[in-house]
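For reference, the structure is listed below as structure tokens.
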Amino acid sequence: MNKKNREILAILEETYPDARCELNHESPLQLLVATILSAQSTDKKVNEVTAKLFQEYATLEDFLTITPEILESHIKVIGLYKTKGQNLLKLFPLLKERHHGEVPRTMEELVALPGVGRKTANVVLSNAFDVPAIAVDTHVFRVSNRLGIVKETTVEKTEESLMKALDKKVWTKAHHLLIFHGRRLCMARAPKCGECPVNELCTYYAGEKKSLKKPKRS
DNA sequence: ATCCCGAGGG
DNA sequence: CCCTCTGGAT
């Protein structure tokens with residue numbers, strides 16, 4: 001890990017000492033459900049939904065009894081609710097039948113589950129099972145590319161390059177720091193570069209502020 | 001009109 | 001590579 005990236009992370013750590021997973025959960029399963037629901041939604045909205053949902057449906061045994069109508073009524077306000085609902089209804093019996101009722105702990109098994117891609121898998125691996133991982137969501141993609149920690153055009157390559165650029169022991173922490181920074185200062189629309197504590201280390205601030213293109217799908 | 005801790009199908 | 005799914009906030 002080079003000096004500049006070390007400095008960036010050190011400053012971000014000072015700025016966001018409470019950086020952590022902000023999806024409320026009390027088990028790996030609840031985190032998996034919350035993360036699936038979080039696609040194209042805000043964690044704030046997801047937490048509102050799961051607060052009520054997990055009150056009645058907390059364990060896998062509980063979720064195995066939920067009806068499509070009840071599930072939909074809970075998650076409707078989140079967006080993308082049909083696919084998310086269908087994926088979850090397929091997911092619960094799969095966990096029971098193929099995974100002994102447990103959330104699997106490997107990338108390969110996780111991404112094989114309906115509605116689970118690399119981003120969701122990495123969130124679960126790092127936050128529920130303490131496996132070093134960098135989940136590249138919209139914030140991590142935008143912030144890491146603006147700062148110049150990586151220069152990539154897809155989330156997959158961004159994850160790959162971030163793992164090379166950063167020491168493994170800081171992967172999960174760096175993921176949270178980049179997300180917090182993306183929420184508080186380095187927002188998509190009007191980033192607060194004037195207030196940014198790492199602007200002197202930032203290629204986006206140094207450059208012409210040429211707008212960062214959205215990630216290409218791959 | 002744009003963005004939010006994306007994934008799957010064509 | 002592309003498109004669609006989706007409501008809510010700004």
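Chain A is the first sequence line, chain B the second, and so forth, proteins listed ahead of strands; every chain is numbered from 1.
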To the nearest angstrom, the NZ-C1' distance between K44(A) and dA9(C) comes to 9 Å
Pairwise P distance, dC5(B) and dT10(C) [rounded to whole Å]:
12 Å
Distance check: side-chain N/O of R142(A) vs OP1/OP2 of dC4(B), anything under 4.0 Å? yes
For a quick check of understanding: with a heavy-atom distance under 4.0 Å over all strands, which category does A135(A) fall into, base, sugar-phosphate or nothing?
nothing
Considering only atom C1', compute the distance from dC4(B) to dC5(C) and round it to an integer number of Å. 14 Å
In this structure, CZ of R183(A) is separated from NE2 of H139(A) (nearest 0.5 Å) by 5.0 Å
Testing dG7(C), dC5(B), dG6(B) for proximity to the side chain of A39(A), the answer is dG6(B)
Whole-Å distance, I78(A) CD1 to dT6(C) C1', equals 11 Å
From CZ of R183(A) across to C1' of dC3(B) the rounded distance in Å is 13 Å
Does dA9(C) have its OP1 or OP2 closer than 4.0 Å to a side-chain nitrogen or oxygen of T42(A)? no
Of the candidates dC5(B), dG6(B), dG7(C), the side chain of S38(A) sits closest to dC5(B)
(request) Give one of base, sugar-phosphate or nothing for L113(A), where a contact means two heavy atoms less than 4.0 Å apart. (result) sugar-phosphate
Which of dG6(B), dA9(C), dC5(B) is nearest the side chain of K45(A)? It is dA9(C)
Closest heavy-atom pair, N145(A) versus V150(A), reported as atoms and distance to 0.1 Å, is OD1-O, 3.3 Å
To the nearest angstrom, the CG-C1' distance between L23(A) and dG6(B) comes to 13 Å
On the 0 to 90° scale, with breaks at 30° and 60°, tag the F92(A)-F63(A) ring pair as parallel, tilted or perpendicular. parallel
(message) Taking any heavy-atom pair under 4.0 Å as a contact, classify V116(A): base, sugar-phosphate, or nothing.
(response) sugar-phosphate
Atom CG of L80(A) and atom C1' of dA7(B) are separated, to the nearest Å, by 9 Å
Checklist entry - Mind checking the C1' distance from dT6(C) to dT2(B)? Whole angstroms is fine. => result 15 Å
Ranking dG7(C), dC4(B), dG8(C) by distance to the side chain of Y81(A), first place goes to dG7(C)
Per nearest nucleotide of DNA chain B, the residue lying toward the 5' end, V111(A) or T138(A), is T138(A)
query: Hey, is the side chain of R189(A) poking within less than 4.0 Å of OP1 or OP2 on dT10(C), counting only N and O atoms?
result: no
Exercise for the section: Under 4.0 Å between any heavy atoms, over every strand shown, what does T35(A) touch: base, sugar-phosphate, or nothing? Just pick one. Expected result: nothing
Original post:
Using 4.0 Å as the upper bound for N to carboxylate O, is an ion pair formed by K164(A) and E152(A)?
Top reply: no
| Would you say E26(A) has more than 12 foreign heavy atoms packed within less than 6.0 Å of its CD? | no
Could you check whether K76(A) gets within reach of a base, just the sugar-phosphate, or nothing at all, counting any heavy atom under 4.0 Å?
sugar-phosphate
For L64(A) and P93(A) the tightest heavy-atom approach is CD2-N, 3.6 Å
Looking only at dC5(B), dG8(C), dC4(B), the nucleotide nearest the D137(A) side chain is dC5(B)
From CG of L37(A) across to C1' of dG8(C) the rounded distance in Å is 15 Å
Of dC3(B), dG8(C), dT6(C), the nucleotide closest to the side chain of V77(A) is dG8(C)
Among dG7(C), dG6(B), dC5(B), the one nearest any side-chain atom of Q40(A) is dG6(B)
Rounded to whole Å, the CD-P distance (Q86(A) to dC5(C)) equals 12 Å
Taken to the nearest whole Å, NZ/K84(A) to P/dC5(B) is 11 Å
Note: for K119(A) and N87(A) on DNA chain B, the residue whose nearest nucleotide lies more 5' is K119(A)
The reported gap from CD1 in I179(A) to CG in L12(A) (rounded to nearest 0.5 angstrom) is 12.5 Å
